[in-house]
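Predicted model, so just to flag it, every value in this text is computed and none were measured. Chain letters run A, B, ... following the sequence lines, proteins first and then strands; every chain starts at 1.
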Number of protein chains: 2
Amino acid sequence: MNAETAVTVIDDVDAYMTEVGQAARAAAATLRRATTRSKNEALAAMARQLDGARSEVKAANQRDLERGRANGLDDAMLDRLALTDARIDAMVDGLHQVAALPDPVGEVDGLRSLPSGIQLGQMRVPLGVIGIIYESRPNVTMEAASLCLKSGNACILRGGSEASESNAALAACITRALEETELAVSAVQVVATTDRAAVGRLIAMPEYVDVIIPRGGKSLIERISREARVPVIKHLDGICHVYIDASADPDMAQSIAINAKTHRYGVCNAMETLLVDAAIADSILPRLADAYRELGVEMRGCERCRVIVCDMLPATEEDWGTEYLAPVLAIRVVDGIDAAMAHIDRYSSRHTDAIVTSDYLLARRFVAEVDSASVMVNASTRFADGFEYGLGAEIGISTDRLHVRGPVGLEGLTTRKYVVFGEGQIRQ
Amino acid sequence: MNAETAVTVIDDVDAYMTEVGQAARAAAATLRRATTRSKNEALAAMARQLDGARSEVKAANQRDLERGRANGLDDAMLDRLALTDARIDAMVDGLHQVAALPDPVGEVDGLRSLPSGIQLGQMRVPLGVIGIIYESRPNVTMEAASLCLKSGNACILRGGSEASESNAALAACITRALEETELAVSAVQVVATTDRAAVGRLIAMPEYVDVIIPRGGKSLIERISREARVPVIKHLDGICHVYIDASADPDMAQSIAINAKTHRYGVCNAMETLLVDAAIADSILPRLADAYRELGVEMRGCERCRVIVCDMLPATEEDWGTEYLAPVLAIRVVDGIDAAMAHIDRYSSRHTDAIVTSDYLLARRFVAEVDSASVMVNASTRFADGFEYGLGAEIGISTDRLHVRGPVGLEGLTTRKYVVFGEGQIRQ
């Protein structure tokens with residue numbers, strides 16, 4: 001059945017997406033009112049259904065993998081695509097974890113009485129309908145569905161065509177789970193066509209979709225941001241910096257600089273450029289270089305670096321603006337915090353930037369003046385993450401400025417309305 | 001000089017707007033760091049300059065008014081365009097009021113320690129560069145400039161062509177004021193061309209502009225939302241409802257229903273549709289009708305209304321979706337709160353909706369389930385206003401869902417970045 005869904009040929013994609021949108025809008029109206037208990041029961045049912053459909057899911061995933069190999073997907077892509085038992089376990093656990101998170105919906109902030117006598121507060125409410133467009137990893141289907149559902153939003157999920165069979169199998173689990181509950185089955189819909197026109201329509205129906213969250217490569221996200229007629233919460237690249245000030249403790253500076261670069265290479269919160277205060281470059285660069293060399297990190301330095309560490313490759317202008325996602329590091333010697341912040345202001349993708357210092361005033365200045373989603377003092381950029389920030393889960397990391405910046409958890413999928421309590425007050 | 005500015009002919013509008021955008025981006029970087037004192041001093045200087053340039057401003061306004069009359073602007077438009085001494089006084093007072101407001105920038109929420117040992121909080125920071133596009137009222141120039149400046153944002157202001165001389169005169173005051181301060185003069189820029197292409201460019205340069213706030217008629221706002229390549233905080237229409245439940249105190253219901261409709265007609269938070277519970281329609285509709293009749297309000301009722309109050313005009317489907325902004329009211333008899341909320345869900349513009357009731361459970365349901373920017377119990381919809389909500393000032397009322405809903409004050413012009421304080425923590 002899931003296989004069918006995946007290969008269903010839909011001739012009128014616009015009409016199909018319109019139906020999907022209408023169903024999502026209708027579901028959103030009921031989800032808005034859903035109790036925390038009923039949402040958590042739905043998440044538990046999804047976990048049960050997924051756990052019980054392992055063979056079905058793995059078989060579908062096999063078909064995707066075979067097609068992927070036939071189409072010459074590289075090993076990295078095939079790995080992202082694969083649904084092993086361990087990954088299915090992780091999805092099941094993830095569903096229970098989201099069920100265990102506090103429900104942000106209905107929370108009222110800042111309730112206060114005003115001179116007119118009315119009492120005013122702001123209540124958290126769902127955004128409505130969320131469209132999520134993602135690429136090869138089918139796990140995203142469950143992650144996204146669970147976070148949207150817990151936050152009271154209906155969602156329309158559009159996965160990568162290479163994962164179509166796997167996503168259809170996961171969609172079948174979700175549908176069976178929702179059928180067990182009082183929630184609308186269309187609360188979670190997985191787009192059942194791989195036709196690219198479906199994406200074009202999904203991002204251009206503001207009457208049915210309130211926000212689009214693209215998860216994937218830069219080109220996908222840029223295309224969607226360019227063409228969307230709906231607000232987009234985007235996660236672009238992470239060109240993260242660590243600035244080591246002359247006042248830094250050298251051992252702390254080294255452990256942060258090593259962790260930020262080498263803890264994991266392919267992640268957006270890894271450091272891509274290291275900035276070193278000229279006043280300590282001579283003493284700290286050689287030991288850092290030894291450590292990076294040992295770990296197999298290719299160093300690309302500015303001219304001043306290369307005078308100190310001769311075997312560094314020369315960094316070009318392009319390096320300052322590159323997200324390597326690899327064991328490659330750009331290094332630049334700068335004259336103090338002002339030059340460091342000027343470099344960051346010019347080249348940072350405004351994702352995460354850190355300073356290592358023991359100087360109180362410099363720490364305050366860096367925090368106040370660096371304009372990035374996460375600004376850190378004496379900590380590794382690798383902490384910029386929804387789990388590390390205690391959000392419990394993460395649907396992405398926003399590099400946008402409006403609505404939500406940095407890791408996006410359940411709260412980022414809600415908005416606030418004003419609530420007014422009166423006893424007959426009228427405007428004079 | 002201001003006259004000149006207003007009539008400056010700019011042949012390459014794209015190049016001009018690009019320069020304006022670059023200057024705004026540069027100013028934003030310094031404004032972000034500006035102290036509350038320096039921002040308040042700039043606001044005080046703006047007030048002084050405006051107060052000292054009354055004759056210049058009024059002369060420029062006279063030229064706009066004459067051109068307006070020649071171009072056949074109607075009286076309402078000419079009235080909005082006119083800058084009397086009273087209105088200049090109000091602008092001067094407004095500048096001092098904004099200076100007196102607390103500065104939201106730098107405020108840190110929810111600072112807490114996490115298991116990893118890092119301390120995490122969220123700091124309020126400016127959005128960056130705000131583009132504001134508005135129509136005839138030149139007062140908006142000062143209001144918008146002051147709110148953007150106080151919230152640490154650079155702004156690009158594009159007023160209506162009919163007010164070009166007035167806006168240029170006000171721009172000259174602002175420029176002279178900024179020249180007295182340490183802030184960048186390009187912190188506030190008024191577009192010096194009435195060429196419509198300038199708007200097209202302003203809303204399509206995300207590299208220089210972070211958000212667009214259109215203030216004006218529905219067609220202007222819809223056009224901008226459609227064409228913008230930058231996030232837009234929009235203020236569309238206010239089709240506001242009051243639902244009188246059977247449990248309502250009749251006198252309270254009447255005073256709220258009268259105030260919500262008749263306190264002011266041309267405002268977005270005025271009630272446009274009154275919903276009356278069938279259980280009390282017989283008793284309350286006649287007395288409400290008498291009151292509206294006396295105040296010259298035209299009533300358009302559903303069939304059930306017209307059985308009770310025979311002289312009502314029949315309401316058509318179109319009435320339920322119309323923002324009259326006039327002494328006209330649509331009235332519908334509904335069967336209890338569910339029918340009322342169904343009507344609101346279908347026809348409300350999600351600006352402001354209210355219930356009058358003495359029933360605790362119904363009040364809770366209405367507040368939880370009605371999806372509008374402001375949801376009220378036993379209060380007039382006219383309270384949905386930045387001043388009444390204690391925001392101190394208002395740049396508009398957002399009918400969007402993301403970032404900010406309802407009245408937008410200084411806080412709505414800011415965003416929050418994560419700040420992390422560590423002592424050398426690294427990710428394990």
So, do B:Y389 and B:E394 sit near enough that their side-chain heavy atoms are less than 4.5 Å apart?
no

Taking side chain as C-beta onward, heavy atoms only, is A:D345 less than 4.5 Å from A:R350?
yes

For B:D251, is it the side chain, the backbone, both, or neither that has a heavy atom closer than 4.5 Å to a heavy atom of chain A?
neither

Need one label for B:D353: side chain, backbone, both or neither, based on atoms under 4.5 Å from any heavy atom in chain A.
neither

Any heavy-atom pair between the side chains of B:M341 and B:Y243 that's under 4.5 Å?
no

Toward chain B, the part of A:V356 with a non-hydrogen atom under 4.5 Å:
neither

Quick one: what part of B:V370 sits under 4.5 Å from any heavy atom of chain A, side chain, backbone, both or neither?
backbone

Where does B:R33 contact chain A at under 4.5 Å (heavy atoms): side chain, backbone, both or neither?
side chain

Counting heavy-atom pairs under 4.5 Å with chain B, which one of A:E423, A:R32, A:R229, A:M252 comes out on top?
A:R32

Applying a strict 4.5 Å limit to non-hydrogen atoms, the region of B:N378 in contact with chain A is both

Given a strict heavy-atom distance threshold of 4.5 Å, which part of A:I426 is in contact with chain B: side chain, backbone, both, or neither?
both

Would you say the side-chain atoms of B:T35 pair up with the backbone N or O of B:S38, donor to acceptor, closer than 3.5 Å?
yes

Quick one: which of A:D385, A:V404, A:D400 has the most heavy-atom pairs under 4.5 Å with chain B, could you say?
A:D385

Do A:C268 and A:H351 come within less than 4.5 Å of each other through their side chains, counting heavy atoms only?
yes

What distance do B:S398 atom OG and B:K234 atom NZ have between them, rounded to the nearest 0.5 Å?
8.0 Å

Hey, does A:I233 have a side-chain heavy atom less than 4.5 Å from the side chain of A:I395?
no

Who wins among B:A379, B:S380, B:A373 for the most heavy-atom pairs under 4.5 Å with chain A?
B:A373

Do A:V377 and A:I355 come within less than 4.5 Å of each other through their side chains, counting heavy atoms only?
yes

Exercise: do B:S151 and B:T414 side chains pair donor with acceptor under 3.5 Å
no

Side chain from CB out, backbone as N, CA, C, O: work out which of these in B:I256 comes under 4.5 Å of a heavy atom of chain A, or both, or neither.
both

B:R264 versus chain A, the contacting section by heavy-atom distance below 4.5 Å
neither

Select all residues of residues 116-130 of chain B having any heavy atom within less than 4.5 Å of some heavy atom of chain A, and report them by number, or 'none'.
B:S116, B:I118, B:L120, B:M123, B:V125, B:P126, B:L127, B:G128

Between the CD1 atom in B:I337 and the OG atom in B:S247, the distance rounded to the nearest 0.5 Å is 8.5 Å

I want to check something: taking the side chain as every heavy atom from C-beta on, are A:K417 and A:V419 in contact at a cut-off of under 4.5 Å?
yes

Non-hydrogen atoms of chain B under 4.5 Å away: do they reach the side chain of A:T352, the backbone, both or neither?
neither

Highest number of heavy-atom pairs under 4.5 Å with chain A: which of B:R112, B:R365, B:Q428?
B:Q428

Is A:I258 in contact with chain B via its backbone, its side chain, both, or neither, using a 4.5 Å heavy-atom distance?
neither

Sort out for me which of A:R427, A:M376, A:H403 touches chain B most, counting heavy-atom pairs under 4.5 Å.
A:R427

Closest non-hydrogen contact found for B:A253 with B:A248 is CB-CB, 4.3 Å

Considering only heavy atoms from C-beta outward, does the side chain of A:N153 approach that of A:L31 to under 4.5 Å?
no

